[in-house]
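Side-chain atoms are counted along with the backbone in the values below, which use heavy atoms only and exclude waters and symmetry mates.
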Number of protein chains: 2
Amino acid sequence: MANMNSALMALADPTRRAVFECVGQSPRSVGEIAGGLPVSRPAVSQHLKVLKDAGLVRDRADGARRIYFVDPKGLEPLREWLDRFWGDALEAYAREIEKQNQEKGGRS
Amino acid sequence: MANMNSALMALADPTRRAVFECVGQSPRSVGEIAGGLPVSRPAVSQHLKVLKDAGLVRDRADGARRIYFVDPKGLEPLREWLDRFWGDALEAYAREIEKQNQEKGGRS
DNA sequence: ACAGAATGTAAGTGATAACTTACGGTAAGT
DNA sequence: ACTTACCGTAAGTTATCACTTACATTCTGT
């Protein structure tokens, strides 16, 4: 998929986000990632599959191992959505606070 | 809570994100929000509670109605995390691609 | 005071997701 | 060729989540 929805769903789970951040520090194998987390290796493998389907990570072969590394492109849709929403939210919030102040001052 | 984890979990659900974006366009009541979505009004109420606990929206009384509006502060932790991770990811990705090119060129 | 509107909450249900163990497949070393 | 290491996937279980209907509460207007 690799759209914003799949990226958000993938990053929502704390364990999976820990996997993502671990891979973000430096490219690592599945066993290395699982070694630093309180879950089994297959669990990490499944998390990596979700992250890969979301376009957040990619992998390459290294002998019998598989090295995973982050793909910044996967974060781009999320960044764009957040930036756009951020601007609108700031404006709307300013208008809302102004409205509340008017209500306070204008009451009988 | 109002940390990054709760914000991500709250925004992961498509319906709840639709509620969030609807409120983001302009402050609205619960009934107005539910009118534009294919779910019941109590469902919207529950989604708003999650968004409120995550610090993403706030509400004010308006007679018998409740007007909900976005709070940009709720998005701030998520923005900071994403910006920081974005920079690291770009560097790491550049190193990774460089390494892959070296492997290609350096093979016997 | 009463009727109606708007909302929050409780209870129950179906689906989904995260995790485990068990198994199959591929690559490296002896 | 055989063993070992590393990984992905299937099957099953448990918990959580999103949704619905039913009910309680608060506010407004008559």
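Rounded to whole angstrom, the span from the CZ atom of Arg41(A) across to the P atom of dA22(C) amounts to 13 Å. Distance CG (Asp59(B)) to C1' (dG8(C)): 11 Å, rounded to an integer number of Å. Look at CD1 on Ile33(B): it is 12 Å from C1' on dT7(C), rounded to the nearest Å. Computed from coordinates, the Leu37(B) CG to dA18(D) C1' distance equals 14 Å when rounded to whole Å. Rounding to whole angstrom units, NZ of residue Lys52(A) and P of dT9(D) are separated by 9 Å. Note: CZ (Arg28(A)) to C1' (dC7(D)) measures 18 Å, nearest angstrom. Residue His47(A) contributes atom NE2, which lies 6 Å from atom P of dA18(C) at whole-angstrom precision. Here dC27(D) presents its C1' atom at 11 Å from CG of Asp62(B), a figure rounded to the nearest Å.
Mapped onto DNA chain C by nearest heavy atom, Pro42(A) and Gly63(A) fall at different nucleotides, with Pro42(A) at the one closer to the 5' end.
The listed nucleotides are dC27(D), dA27(C), dT9(D); the one nearest the side chain of Ala64(A) is dA27(C). The listed nucleotides are dT7(C), dC7(D), dA17(C); the one nearest the side chain of Arg66(B) is dT7(C). For Val39(A), taking side-chain heavy atoms from C-beta onward, the closest of the listed nucleotides dC19(D), dC17(D), dT20(C) is dT20(C). Distance from the side chain of Ala43(A) is smallest for dT20(C) among the nucleotides dT20(C), dA6(C), dT20(D).
Note on Ser40(A): a side-chain N or O is less than 4.0 Å away from OP1 or OP2 of dT20(C). OP1 or OP2 of dA18(C) has not a single side-chain nitrogen or oxygen of Thr15(A) nearer than 4.0 Å. Distances shown here put every side-chain N or O of Ser45(A) at or beyond 4.0 Å from the OP1 or OP2 atom of dC7(D). Residue Tyr68(B) places none of its side-chain N or O atoms closer than 4.0 Å to OP1 or OP2 of dA6(C).
One distance of note links CG of Leu37(A) with NE2 of His47(A); it measures 8.5 Å at 0.5 Å rounding. For the atom pair Tyr93(A) OH and Trp86(A) CH2, the distance stands at 11.0 Å (nearest 0.5 Å). A distance of 8.0 Å separates CG of Asp71(B) from CD1 of Ile97(A), quoted to the nearest 0.5 Å. One distance of note links CG of Leu8(A) with CG of Leu8(B); it measures 6.5 Å at 0.5 Å rounding.
Under 3.5 Å, the side chain of Gln46(B) and the base of dT20(D) form at least one donor-acceptor pair of N or O atoms.
Checking side-chain atoms of Glu32(A) against main-chain N and O of Ser29(A) turns up a donor-acceptor pair under 3.5 Å.
Using a 4.0 Å heavy-atom distance criterion, Arg16(B) is classed as a sugar-phosphate-only contact.
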